[in-house]
Amino acid sequence: MMLAYHPTHPEFPGEEKPLPADWLRYTSPWSKTSFRKQEFGSTLIQELVTPAFALFIWRLHIEEEVRLYPSADKPTIALQFTLGGDIPCKLTGFGEKLLQKGNYEMFYVPIGYNEAWFERGEYESLHIELRTQYLEELAAVRPEIKDLVTRLLSASSKGLPMAVAHTNYITGAVLQNLRTCDKKGPALQLEMHKYILELLCEYLSAILQKEEEEKGRDIPHHALIISVKNYILLAPDIHQHNVKDLARHFRVSETLLKRGFKALFGVGVSEFVRLQVLARTQYLLATTNRTVEDISQEVGYSSREALERSFKKQYGFSPSNLRTDLNG
């Protein structure tokens with residue numbers, strides 16, 4: 001997709017400038033970048049276009065309210081992540097909606113212009129365009145991708161958007177790996193293919209989980225309890241995510257939080273946090289080279305030994321044993 005200033009004047013305004021030093025931290029090694037100064041603020045557009053897929057990261061510093069027009073010159077399917085700021089928009093075929101920070105979803109994007117409204121502030125969006133043939137090839141070998149494509153086509157034929165998913169620690173880690181990937185040529189495309197496949201599978205998993213959660217809509221404070229769960233999943237921490245602090249953060253009583261969470265998910269808050277912390281530990285052990293000491297600090301344990309005891313009690317082996325097996 002391209003970003004336009006007006007449907008009848010598709011050229012994007014502003015003079016292209018050298019990238020300021022304080023914007024370098026937002027750039028990815030693989031991207032073609034364009035930094036512009038406009039009357040309404042500054043924009044950094046990064047892109048990587050291949051025959052199978054295209055990646056775009058838009059970062060906007062808005063100083064005056066403005067309406068911009070993301071446009072498509074051919075039909076495409078996009079997986080869009082709102083990484084900074086809430087963006088009110090009007091999507092062709094779907095109508096008005098709000099893209100909220102921390103959420104992501106899949107769209108069928110027809111030819112034409114969409115609208116997006118920006119107030120003063122910082123915004124960032126990452127979206128992945130998937131060519132039809134590329135998706136068909138994935139669907140032919142991966143049943144879960146076939147399921148996802150079928151759901152997308154069904155929703156689009158009814159004029160409905162796909163379900164919204166909330167970023168968790170896995171999608172966050174994959175996005176970080178995608179953004180910082182420094183490979184080149186065919187190796188870069190292979191890495192991006194791996195990340196895209198992971199993100200698509202995580203999205204389908206989130207949709208299925210959301211369908212299960214919808215069955216509990218009659219439970220009091222349903223939306224709030226879902227928000228608590230999403231907050232925990234963003235970065236599970238055994239220390240920070242205790243019932244007292246969670247209740248204070250969401251401005252509810254501890255009793256209401258504990259009862260509602262157990263009713264909706266069938267497990268207590270503390271036990272859910274513990275299981276997610278250990279799952280996050282396992283993920284970090286399998287996908288990074290970080291030490292067990294570093295990981296124990298990140299997930300909120302007071303020491304490596306405390307994490308080792310809890311991990312071994314749950315899985316029957318220690319983090320060190322898992323790391324050794326993975327390396328061996």
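Bear in mind the structure is a predicted one, so any value in this text is a computation, not a measurement.
- Looking at Asn177 and Tyr195, their side chains come closer than 4.5 Å, going by heavy atoms from C-beta outward.
- Across Leu91 and Phe107, no two heavy atoms sit closer than the pair CD1-CE2, 3.2 Å.
- One finds a salt bridge joining Glu124 and Arg179 here, because a Lys/Arg side-chain nitrogen approaches an Asp/Glu carboxylate oxygen to under 4.0 Å.
- The line from CH2 of Trp58 to CG of Leu68 is 9.0 Å long, rounded to the nearest 0.5 Å.
- Within a 6.0 Å radius of CD in Glu211, other residues, nucleotides and ligands contribute more than 12 heavy atoms.
- The pair Glu212-Lys210 does not count as a salt bridge, with every side-chain nitrogen at least 4.0 angstrom from each carboxylate oxygen.
- Every residue two or more places apart in sequence or in another chain was checked for a side-chain hydrogen bond (donor to acceptor under 3.5 Å, both in side chains) with Arg36, and none qualifies.
- For the atom pair Phe56 CZ and Ser31 OG, the distance stands at 12.0 Å (nearest 0.5 Å).
- The closest donor-acceptor contact from the side chain of Arg280 to the backbone of Pro236 lies under 3.5 Å.
- Counting heavy atoms from C-beta on, the side chains of Lys262 and Val269 never come closer than 4.5 Å.
- Atom CD in Glu115 sits 4.5 Å away from atom OH in Tyr69 (nearest 0.5 Å).
- Aromatic rings of His249 and Tyr231 (six-membered ring for Trp) have centroids within the 6.0 Å cut-off, being under it.
- Ring-plane geometry between Phe317 and Phe311 is classed as perpendicular, the angle between the planes exceeding 60 degrees on a 0 to 90 degree scale with a lower cut at 30.
- By the neighbour-count criterion of 12 heavy atoms within 6.0 Å, atom CD of Glu122 is densely surrounded, having more than that number from other residues, nucleotides or ligands.
- The only member of Ile225, Ile226, Leu256 that meets side-chain contact (heavy atoms from CB on, under 4.5 Å) when paired with Phe261 is Ile225.
- To the nearest 0.5 Å, atom OG1 of residue Thr167 and atom CZ of residue Phe81 are 6.5 Å apart.
- Between the side chain of Ser296 and the backbone N or O of Glu293 there is at least one donor-acceptor pair closer than 3.5 Å.
- With respect to the salt-bridge test (charged N to carboxylate O, under 4.0 angstrom), the residues Glu254 and Arg259 do not qualify.
- Within 6.0 Å of the NZ atom in Lys97, the count of heavy atoms belonging to other residues, nucleotides or ligands exceeds 12.
- Of the possible polar contacts, one joining the Tyr123 side chain to the Glu119 backbone as a donor-acceptor pair under 3.5 Å is found.
- Residues Phe250 and Ser227 form a side-chain contact, since some pair of their non-hydrogen atoms from C-beta on lies under 4.5 Å apart.
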Using a 3.5 Å cut-off and no angle test, enumerate the donor-acceptor pairs between side-chain atoms of residues 197-205 and protein atoms at least two apart in sequence or in another chain.
from: Tyr203; atom 1: OH; to: Met106; atom 2: N; distance (Å): 3.3
from: Tyr203; atom 1: OH; to: Ala163; atom 2: O; distance (Å): 2.6

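- Between Leu83 atom CG and His127 atom NE2 the span is 12.0 Å, to the nearest 0.5 Å.
- Considering all non-hydrogen atoms of both residues, Thr27 and Gln46 come closest at CA-OE1, 3.2 Å.
- Glu136 has no carboxylate O lying under 4.0 Å from a charged side-chain N of Lys146, or vice versa, which leaves the two without a salt bridge.
- For the pair Glu298 and Arg290, the salt-bridge criterion is met [side-chain N within less than 4.0 Å of a carboxylate O].
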